[in-house]
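Proteins get letters first, then strands, A, B, ... in listed order; numbering begins at 1 in each.
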Amino acid sequence: MNSEVEKIQVFNTLTGKKEDFVPVSGKTVKIYACGPTVYDSSHLGHARKEIVWDTVQRYLRFVGYDVVYVRNITDVDDKIINRARERGIGPDKLAREYTFAFWEDMHALNVQAPDFEPRATEFIAQMISFVEGLIKAGHAYQAGGDVYFDVGSFNDYGKLGKKNLDELMVGAREQVVAQEELQKLKKNAVDFALWKSADKDELGWQSPWGYGRPGWHLECSTMVKHILGETIDIHSGGEDLVFPHHENEIAQSEALHKHPLARYWLHNGFIQVSQEKMAKSLGNFKTIKDLLREYEPDAIRLFVLQTHYRNPIDFSPESLAAVKSGLQRLVRAAHLNDGLELKGAAGKDILAAAEKFKAEFRQAMNNDFNTAIAISHLYQIADQISALKDKESAARQVLIDVLLEHAAVLGLTLLDNRKNLKDEQKEKLVGILLEMRQKAKADKDFERADAIRKQLTDIGIAVMDTPQGATWETI
RNA sequence: GGCGGCAUAGCCAAGUGGUAAGGCAGAGGUCUGCAAAACCUUUAUCCCCCAGUUCGAAUCUGGGUGCCGCCUCCA
């Protein structure tokens, strides 16, 4: 970090304002990002969330903070249990399967591994003591084999999601009335489960209240506490988590610890499809694996980051395809010096341009991580690179280096894939050669036909003539 | 119904009081045997509508219209 601390501003959902970012303790930044529930394939919406917060933690490290980035994996949940039952396998096996699939997707998208990646099932014991603490403090109560958080005992309830407790009660009461059993158990309709009893043959753990499972919100509060501490700097997630998930985390943690769970609550906007949110429940999603078949990881990241993280993105194949051309310009500029010896030297003007670019890039990112502006500066530096001649390659290299360094902060590799062939292209290519050879044979130009065959053999492709025409295989 | 957010060129998208970034597509040009790629130039008198505050507003205020999200699982 420079001698002076980078002045970063972030939009805090808690206050609804952009605020100066000041970590709890100096250069250390503790971030907890709500991770996936592993019961199905990840889609573009999940990709956005991971790309956005990956970029944030990359940038904070880039400007010199010591970041501890934690992203959990929710591997115990009703959705997992139901899906596993449908498939006739154990919930733990299903969770493992989709955990690996998630890791594959994240790796492909150049999303860095977090410093810690706790799974809920690893923290059952800590969750149980967390609940015991809440009961002891009078913020939770046992009802049958369940334990509920007593929302009425926590004054600040609703401060994140901007909810009015009285109004919540009305809505919640209607739902609870529909479930008679709950009505009997809960003191208050809005109270949420910290621990839920389960049947013996279901996924569960022994607890002071009997056999059961933790409630969803509990895991995050517990893992934050045990891995990062009682107050962290940034807690992030998709905007749908604001209420009730993060609201409930705040209630649990702050009721127990009596001080803030996180200083800054950051939330990313959603991907929409035809003006509707992309969601598994709507069945209108594109999985990351689908997209990766068609688009490079850099293109997907560029697509996501060209919109500010809090704004919605309306997805269409056209809009994603449109970034491909732009990406090519950056890639081309980044590789203009490939295979060239560096000539000349970078003059003052070049060094000044590099410094100007660095400052502008940071200025953009310091303003609530405005990646859209940051990207526009990448294009500007790419134009400057392209404008330099080969004989000024040393000067050009200075700018290429800063381009690559800053593109990497956004997780863009700018790898040169321009000459990479797809499998189908390779097959067609051989087909074209065989067609040309066939034409030569038909013209009785056997010298030419044999030359084509030999050159193919030399690169490891054997050509075999058959009564049905030529075929080939690799040697 | 309550709360929150968004509306900027053909499309995507920045811009929170000082006179419209950037990308895609389009147009013209350089280059080329012809192309393609690349590069250069160019493309919103105007920011959903109405009223107001101000010397000055896309940016602030009030009203309206449309859309989205949350309030239940959801990134």
Table of protein N/O atoms under 3.5 Å from nucleotides 37-40 of chain B N/O atoms:
unit_1	atom_1	unit_2	atom_2	d
B:A38	O3'	A:R332	NE	3.0
B:A38	O2'	A:R332	NE	3.3
B:A38	O2'	A:R332	NH2	2.6

side-chain contact (heavy atoms from CB on, under 4.5 Å) filter on A:N367, not counting sequence neighbours, yields A:K18

Sorted by chain and residue number, the side-chain contact (heavy atoms from CB on, under 4.5 Å) partners of A:N155 (sequence neighbours excluded) come out as none

Exercise. Between B:A20 and B:C48, how far apart are the P atoms? Round to whole Å, please.
Key: 16 Å

Give every pair of a protein N or O atom and an N or O atom of nucleotides 2-4 of chain B that lie under 3.5 Å apart, one pair per line with the distance.
unit_1	atom_1	unit_2	atom_2	d
B:G2	O2'	A:E167	OE1	2.8
B:G2	N2	A:K163	NZ	3.1
B:C3	O2'	A:K162	O	3.3

Smallest heavy-atom separation, A:K186 atom then A:D191 atom, equals NZ-O, 2.6 Å

Going 5' to 3' through nucleotides 28-36 of chain B and flagging B where a protein heavy-atom sits under 4.0 Å of the base, S where only the sugar-phosphate is that close, and - otherwise, we get ---------

Exercise. On the 0 to 90° scale, with breaks at 30° and 60°, tag the A:Y141-A:Y148 ring pair as parallel, tilted or perpendicular.
Key: tilted

- [ ] Considering only atom P, compute the distance from B:A57 to B:G52 and round it to an integer number of Å.
- [x] 12 Å

Categorize A:G269 for me: base, sugar-phosphate, or nothing, with a 4.0 angstrom heavy-atom threshold over every strand shown. base

Those residues at least two apart in sequence (or on a different chain) that pass ring pair (Phe, Tyr, Trp, His ring centres under 6.0 Å) with A:Y69 are none

* Euclidean distance for C1', B:A21 against B:U16 (whole angstrom) -> 16 Å

Using a heavy-atom cut-off of 4.0 Å across all strands, would you classify A:E50 as base, sugar-phosphate, or nothing? nothing

Practice task
For B:A13 and B:U53, measure between their C1' atoms and round to the nearest Å.
Solution key: 30 Å

So, with a heavy-atom separation below 4.0 Å from RNA chain B, the residues of residues 369-378 of chain A are A:N370, A:A372, A:I373, A:S376

In numerical order, the residues of residues 73-88 of chain A whose heavy atoms come under 4.0 Å of RNA chain B are A:K79

Residue set satisfying ring pair (Phe, Tyr, Trp, His ring centres under 6.0 Å) with A:F303, at least two apart, ordered chain then number -> none

Residue set satisfying ring pair (Phe, Tyr, Trp, His ring centres under 6.0 Å) with A:F130, at least two apart, ordered chain then number -> A:H257

Between A:R301 (side chain only) and A:N110 (backbone N and O only), is there a donor and an acceptor less than 3.5 Å apart? yes

The ring pair (Phe, Tyr, Trp, His ring centres under 6.0 Å) partners of A:Y309 (sequence neighbours excluded) come to A:W53

A:N268 CG to B:C74 C1', in whole Å, measures 13 Å

Contact class for A:T307 (heavy atom, under 4.0 Å): base, sugar-phosphate, or nothing? sugar-phosphate

Of B:C24, B:C6, B:A75, the nucleotide closest to the side chain of A:L241 is B:A75

Note to self: Tell me if the NZ atom of A:K343 is crowded by more than 12 foreign heavy atoms within 6.0 Å.
What the structure shows: no

Side-chain atoms of A:D240 come closest, of B:A14, B:C74, B:C71, to B:C74

Here the residues of residues 399-421 of chain A within 4.0 Å heavy-atom distance, strictly under, of RNA chain B are none

